[in-house]
Amino acid sequence: MTITRSAAPARRPSGRRPTASRRPSGRRLAPYAFVLPFVVLFLAFGVYPLIYTFRLSFTSWSGSGPAQWVGWDNYTYLLGSDAFWSSLADSAVLWLLIVPAQVVIALIAAVLLNNAKLRMRGFYRTVALVPFVTPLVAMAQIWIVVFDADYGAVNRLLGAAGLPQLDWLTSTTWAKPTLALLFLWKTTGFAIVILLSGLQSIPASVYEAAELDGASRTRQLVSITVPLVRRVVLFLVVMQTLAVFQMFAEPYVVTGGGPYGSTTTAGLYLYEHLGRSDLGTGSANSFLLVALVMLISLLFVRLLRERD
Amino acid sequence: MRRASRPAIGSHVFLIVLTAAFLAPVVWAVLSSLKEPATIITDPLGVDPGSFTLGNYRAMFEDVPIGSGFLNTAIVLVLKGGLTLFFAPLAGFAFAKYRFAGQNVIFGAVLLTLMLPTIVLVVPLLLQMRELGWVNTYQALVLPGAVDAFAIFWMRQVIAAVPDELLDAARVDGCGEFRIYVSIVLPVIRPGLAGLAVLTVMNIYNDFVWPVVVTSQESMQTLQVVLATLAQNITGNRIGADFATVWGELLAASSIALIPLLVVFVLLQRHFINGILAGSVKG
Amino acid sequence: MKRTQLRRRAVAAAAGLTAVVLAACGPDVSSGPESGGTGTGPSEGTLAAPDTDAPSGEITIWDRSGDLFEVFDGVIERFNERYPDIVVHHEAVDIDTKLPTTLVAGADVPDGVFLDDAKVAGLSDHFYDLSAVLEPYLGDIAAQKAEVNTVDGRIYGVPWDLNPGLLYYRADILDEAGIDPASIETYDDLFAAAEQLKAARPDAAPIHLEKEPFLGQLWLEMFASQLGTSLADEDGELRLDSPEYLQILTWLDEVNKAGLGTRAEYLGPADLATLESGQQVFVPWAIWWDFAPQQLLPQTTGQWRAMPLPAWTDGGARSGAMGGSSFVIPRDGQNPELAWLFYEFLVFDPEGFQAVYGPNAIYPDGLNTSVPSYAPAADPATPLFGPLAALGGQDLWPVAIEAGEQIPGGTPIPSWWAGAVDYLGDNLQRMFDGELTPEQVIAESTEQIQTNLVDRAS
């Protein structure tokens with residue numbers, strides 16, 4: 001949450017102790033011991049499998065018997081395959097459906113909840129986090145039931161209100177929005193609290209000054225609040241972007257990637273290679289995704305920097 | 001807390017609508033799980049407390065190994081959560097309060113892990129587990145992904161806010177570095193730790209793709225995996241099971257799975273929210 | 001943290017990682033996938049029968065949970081009377097999702113697995129070649145079943161059930177409309193009968209049209225099987241672009257466009273509702289559809305009957321195969337020879353197949369959702385299961401056996417069959433949606449299957 005703070009790392013004890021040699025050896029070795037558990041796990045279950053995938057991505061292998069070296073075949077196949085690109089496109093569409101809406105809703109809610117005079121503030125804040133602490137798979141199952149076209153509560157509600165009933169999970173038009181709703185429902189409360197943490201760091205004096213200048217509420221939101229929390233917002237956007245591109249359990253449980261592959265996200269498409277025992281293509285797909293995620297992350301890091 | 005004006009009616013309307021939306025699916029699921037299976041389908045919106053029954057729960061417990069799912073999840077939670085809650089702040093401490101050769105590279109590794117989607121490592125990790133003979137074991141469920149990178153990242157920020165004077169004073173008293181971590185740092189960052197605890201419990205409880213892949217034996221499956229195969233199990237185990245019955249049991253299982261986290265959250269929510277807010281205020 | 005720092009660190013980490021990668025990729029070949037398998041090449045993976053008189057050990061057998069699990073469970077006792085020293089651990093598993101990962105994981109792999117015929121070839125790298133042990137029985141196994149388990153001349157599954165396609169119909173409704181079921185000999189006849197029913201009852205959409213892509217493709221293959229063709233020939237060459245497929249798709253398209261079909265997912269809620277209401281009257285489906293009137297259609301049970309499928313041409317075959325399962329023996333299992341003994345008993349031993357198909361706790365009149373593919377078990381004169389009350393007391397056995405005998409051979413299942421569902425299975429549904437013409441279904445699916453599956457399979 002506090003990627004937004006920049007002051008902290010600058011304050012190091014070494015500032016007051018110019019040379020390392022004067023430090024007792026325990027203090028010199030301690031940090032290595034402290035990061036050791038992470039490093040060991042990182043090498044064992046991060047680096048090693050990454051290398052493994054990298055090698056595997058140049059082979060054709062079903063997981064049994066000898067692997068066959070195929071060079072760049074898996075990569076050229078994926079880059080020329082409609083299914084690969086449409087899995088990325090599906091994720092991109094979900095991103096569009098989720099992230100902008102979430103930022104707007106969470107920002108409004110956070111601004112409202114930042115008002116000390118708001119009644120039941122604690123209640124709202126707690127309830128907002130309830131979806132966040134529900135188990136995802138359980139909620140995904142509930143989504144299936146609630147959004148069923150024939151017997152689901154949502155369509156009954158729409159029917160009762162005289163509105164058209166929709167094929168939420170069985171039409172290519174609505175399946176993605178329905179999954180997006182699940183994601184929004186599940187994580188917006190958390191987004192609100194993150195933004196709230198950013199808002200609370202804005203000194204009250206800034207608003208008081210604006211108030212004296214006669215700036216309207218909306219005006220204050222646009223010209224004071226938004227610029228000041230921009231970095232928290234960007235942080236949220238980065239986190240949610242990574243999360244959307246990793247989205248797996250939602251389509252796996254709710255739609256199985258259908259109808260017509262319209263909810264086969266990047267993550268689910270990757271998993272399908274495993275189901276077909278096509279590990280070489282799966283590994284190449286993994287690497288392409290890693291590259292993509294790195295690219296997006298660097299892009300955001302740049303964005304964050306430019307706004308500094 | 002700083003702005004003086006009273007919120008307008010519109011604000012309340014917005015928040016109330018949002019709150020209702022947040023609560024509705026959970027409330028609906030729990031209430032529906034208490035209904036007769038047939039009425040879940042014929043009247044999904046009706047609520048009649050008089051006719052509530054535990055039948056769906058009874059049937060679900062018969063058909064689904066949800067008990068072993070809970071047990072496995074609990075074991076993984078304790079082990080993996082313990083590792084993360086102890087070692088992630090420790091690494092965060094190293095990054096925040098020491099300067100050492102290779103620090104940048106190692107912190108870069110943390111950032112890299114942070115960005116790496118879990119799903120891309122599933123296949124190679126599975127093959128690795130096979131070489132280690134760890135398929136269907138607790139160590140396979142616990143070790144990959146333990147000492148979470150995000151937790152390190154977060155704790156680094158939280159610990160950076162701990163005054164150096166505090167640590168130096170302890171050193172003057174002859175405290176070893178590890179002692180400082182255990183008896184000074186950990187107590188001071190308790191609010192942040194509480195936040196981290198909730199987040200970690202959440203993540204582990206919800207972990208899905210890795211447990212699905214690495215546990216083929218029912219006895220090793222975590223709650224989420226059990227839940228995900230539920231509908232299939234129920235339809236399979238009862239010949240001619242009809243749709244309504246399946247839904248009833250599904251809702252019962254989902255409702256039960258909601259409870260532990262909600263309890264943890266309600267108990268720790270103050271710390272959790274304050275923990276998230278904490279990092280910000282102190283930066 | 002400063003952004004420049006952040007980036008510098010990420011770059012440093014990447015550099016370090018690259019160094020590690022290069023180092024590890026040098027001499028360390030043994031940890032790679034090349035040595036990751038069982039060490040036995042495909043040619044060595046041929047199973048032989050155990051050479052002892054008193055085989056002993058433990059086997060783990062996976063079956064799909066549900067009725068068949070219960071049925072097979074009941075046979076284990078009989079098996080143990082024959083082989084008292086073999087302990088069978090019988091597990092109900094969601095095979096479709098669990099088997100692929102378990103095979104790759106290579107640990108706790110079951111000794112025997114019940115698997116859809118459509119999926120055997122796709123995973124055959126992981127299974128034993130059973131040619132040697134099946135040799136004595138091959139002459140008596142239905143040609144279609146042997147073919148679907150064969151990849152490159154090796155047989156990877158113990159062929160189990162035969163699933164002839166039948167035409168299920170509502171006897172009461174046809175009677176009322178004055179339609180003699182025996183007069184429906186071709187698909188044109190069926191079309192005409194459906195029109196007649198619709199004329200009498202406007203809300204009727206008498207013919208079932210499958211909506212689920214996987215089953216839809218399986219269903220399409222039933223029609224194709226009638227015409228002696230399938231998605232690929234024995235050399236794995238795609239042969240979707242043929243007059244046979246065009247004829248079938250055109251007929252299905254016309255049924256749909258004329259409003260004579262009900263699109264529904266097999267035994268889903270909408271399907272059940274329209275079957276009960278009389279909106280659906282004809283269900284051209286594999287024999288296993290009879291599960292529905294026995295278990296899921298309380299209002300119309302007893303009104304349904306089965307007859308051979310109509311023919312595509314005058315005098316053409318009156319049945320085709322749809323689905324079916326076989327038993328595979330994974331190479332990473334502990335006691336494959338013992339698993340073979342179990343399946344040999346189940347499929348080829350009179351005591352075994354009588355126990356499976358005969359009356360049991362689950363099916364009091366016998367297991368009637370398929371017929372054996374092994375000729376000595378499929379004798380028209382000696383039924384293994386009795387008449388079905390759900391079919392108004394009809395004796396399904398001879399109907400199904402005779403239909404089974406009509407199924408043409410020459411219809412192997414390619415290894416990529418299940419993968420084709422993303423293309424052909426989906427495109428068939430798009431045709432029903434009105435987005436594609438039959439010609440487009442063929443052209444697009446052919447192109448997609450060729451580039452994404454056939455060309456990648458080599």
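Side chains are part of it too, since the values below use all heavy atoms of this structure and drop only hydrogens, waters and symmetry mates. Numbers restart at 1 for each chain; the letters A, B, ... are given by sequence-line order, proteins then strands.
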Check the angle between the aromatic planes of [X] and [Y] and answer parallel, tilted or perpendicular using the 30° and 60° thresholds.
X: A/Tyr269; Y: A/His273; value: perpendicular
X: A/Tyr271; Y: A/Tyr252; value: perpendicular
X: A/Tyr32; Y: B/Phe100; value: perpendicular
X: B/Phe178; Y: A/Phe34; value: tilted
X: B/Phe153; Y: B/Phe107; value: parallel

By a 4.5 Å heavy-atom criterion (distance strictly below it), what part of [X] contacts chain B: side chain, backbone, both, or neither?
X: A/Ile105; answer: both
X: A/Met139; answer: side chain
X: A/Phe245; answer: neither
X: A/Phe38; answer: both
X: A/Ile192; answer: side chain
X: A/Leu41; answer: side chain
X: A/Leu157; answer: both
X: A/Phe123; answer: side chain

Taking the side chain as every heavy atom from C-beta outward, state whether A/Val254 and A/Leu182 have any pair of such atoms under 4.5 Å apart.
yes
Top of B/Leu83, B/Ile16, B/Asp148, B/Ile159 for chain A proximity - count of heavy-atom pairs under 4.5 angstrom:
B/Ile16
Under a 4.5 Å cutoff for heavy-atom pairs, which residue among B/Val266, B/Thr118, B/Val201 has the most contacts with chain A?
B/Thr118
In terms of heavy-atom proximity below 4.5 Å to chain A, should [X] be classed as side chain, backbone, both, or neither?
X: B/Ala101; answer: both
X: B/Ala21; answer: backbone
X: B/Leu251; answer: side chain
X: B/Asp43; answer: backbone
X: B/Leu18; answer: side chain
X: B/Val110; answer: both
X: B/Val225; answer: neither
X: B/Ser32; answer: neither
X: B/Phe22; answer: both
X: B/Ile152; answer: side chain
X: B/Val122; answer: side chain
X: B/Leu45; answer: side chain

Evaluate side-chain contact (heavy atoms from CB on, under 4.5 Å) for A/Thr281 paired with A/Asp278, printing each intermediate quantity in order.
CA-CA 6 Å; A/Thr281 314; A/Asp278 184 0; 2.9 Å; yes
For chain B, which of [options] has the most heavy-atom pairs under 4.5 Å?
options: A/Val39, A/Thr53, A/Val253; result: A/Thr53
options: A/Ala109, A/Ser283, A/Gly46; result: A/Ala109
options: A/Pro135, A/Ser286, A/Ala138, A/Ala249; result: A/Pro135
options: A/Val133, A/Asp150, A/Leu270; result: A/Val133
options: A/Leu36, A/Leu136, A/Asn285; result: A/Leu136
options: A/Leu242, A/Ile144, A/Val293, A/Leu289; result: A/Val293

Is it true that the side chains of B/Gln224 and B/Tyr205 contain a donor and an acceptor less than 3.5 Å apart?
no
Between B/Glu131 and A/Tyr52, do the side chains contain a donor N or O and an acceptor N or O under 3.5 Å apart?
yes
State plainly whether the residues A/Glu250 and A/Lys186 are in salt-bridge range, i.e. N to O under 4.0 Å.
no
Under a 4.0 Å threshold between the charged nitrogen and the carboxylate oxygen, would B/Lys80 count as salt-bridged to B/Asp207?
yes
Under 3.5 Å, side chain of [X] to main-chain N/O of [Y], donor-acceptor pair present?
X: B/Thr84; Y: B/Ala146; answer: no
X: B/Trp154; Y: B/Gly195; answer: no
X: B/Thr73; Y: B/Leu223; answer: yes

Is the distance between the ring centroids of B/Phe86 and B/Tyr181 under 6.0 Å?
yes
Provide the closest heavy-atom pair for B/Trp28 versus A/Ala153 in the form atom of the first, atom of the second, distance.
NE1-CB, 3.7 Å
